[in-house]
Amino acid sequence: MNEEIVTAPLPGKILEIKAKEGSVIKPGDVVVVIESMKMENEIRAQTYGKVKEIKVRSGEVVDIGRELIIIEREGGEGYGK
């Protein structure tokens, strides 16, 4: 299976999980919001696909590199329209 694993680019607290398992996403879609140093950081998808698994929950504290979301790569330009 061709997958993209979205990881935390910085340490912080998960404020919000925007993606839902099974939802269709495209590059640039915000999937998770992490608070770090009192700033909200939007973590975005880099590929077209479907959310296979959410590996964190709101309120959880994560370190750099922690797996957040697994996306099954699918489609391409226009996928999910």
Side-chain angles (χ1 to χ4, degrees):
M1 180 72 51
N2 196 4
E3 297 177 337
E4 174 187 347
I5 299 174
V6 179
T7 60
L10 68 171
K13 180 180 178 181
I14 304 294
L15 287 184
E16 186 176 2
I17 299 170
K18 300 264 191 179
K20 307 279 188 244
E21 285 189 11
S23 63
V24 173
I25 59 170
K26 63 186 183 313
D29 285 353
V30 176
V31 292
V32 175
V33 179
I34 297 177
E35 179 185 42
S36 182
M37 297 177 61
K38 299 187 180 183
M39 293 183 63
E40 293 184 12
N41 300 276
E42 295 180 334
I43 312 306
R44 299 176 183 271
Q46 301 296 312
T47 190
Y48 291 92
K50 189 179 290 185
V51 177
K52 178 179 178 182
E53 184 179 356
I54 298 172
K55 312 250 320 166
V56 292
R57 62 187 184 287
S58 290
E60 186 174 344
V61 175
V62 298
D63 288 323
I64 294 173
R66 171 76 154 84
E67 292 183 358
L68 305 174
I69 306 268
I70 297 176
I71 300 169
E72 289 183 25
R73 289 189 181 128
E74 297 180 5
E77 191 66 39
Y79 176 73
K81 289 186 179 178

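Quick note: numbers below take in every heavy atom, side chains included, and nothing from hydrogens, waters or symmetry partners.
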Excluding sequence neighbours, so at least two apart, what forms salt bridge (Lys or Arg N to Asp or Glu O under 4.0 Å) with Glu40?
none
Shortest non-hydrogen pair, Leu10 vs Ser36, comes out as CD1-CB, 3.4 Å
Are the side chains of Val32 and Val6 in contact, using a 4.5 Å heavy-atom criterion?
no
Please enumerate all residues that pass salt bridge (Lys or Arg N to Asp or Glu O under 4.0 Å) together with Glu42, with sequence neighbours excluded.
Arg44
Heavy-atom pair with the smallest gap, counting every atom of Ile54 and Ala19
CD1-O, 3.3 Å
Running the 4.5 Å side-chain criterion over Ile, Leu, Val, Met, Phe, Trp and Tyr, what cluster does Ile5 land in, apart from itself?
Ile70
Criterion side-chain contact (heavy atoms from CB on, under 4.5 Å) against Arg66, the qualifying member of Val56, Thr7, Val61:
Val56
Contact list for residues 11-22, test side chain to side chain donor-acceptor pair (under 3.5 Å), sequence neighbours left out
none
To the nearest 0.5 angstrom, please state how far the CD atom of Glu4 sits from the NZ atom of Lys52.
13.5 Å
What is the distance from atom CD of Glu3 to atom CD of Glu74, rounded to the nearest 0.5 Å?
11.0 Å
What pairs with Ala45 under side-chain contact (heavy atoms from CB on, under 4.5 Å), at least two apart in sequence or on another chain?
Ile25, Val31, Ile71
Do Ile34 and Leu68 have side-chain heavy atoms sitting under 4.5 Å apart?
yes
Donor-acceptor pair, Ser58 side chain versus Ile14 backbone, under 3.5 Å?
no
Starting from Leu15 and following side-chain heavy-atom contacts under 4.5 Å between hydrophobic residues (I, L, V, M, F, W, Y), which residues can be reached?
Val30, Val33
Where Pro11 and Ile64 come nearest, the two heavy atoms and their spacing:
CD-CG1, 3.4 Å
Pair Asp29, Lys26 - check salt bridge (Lys or Arg N to Asp or Glu O under 4.0 Å), show working.
CA-CA 6 Å; Asp29 285 353; Lys26 63 186 183 313; 3.0 Å; yes
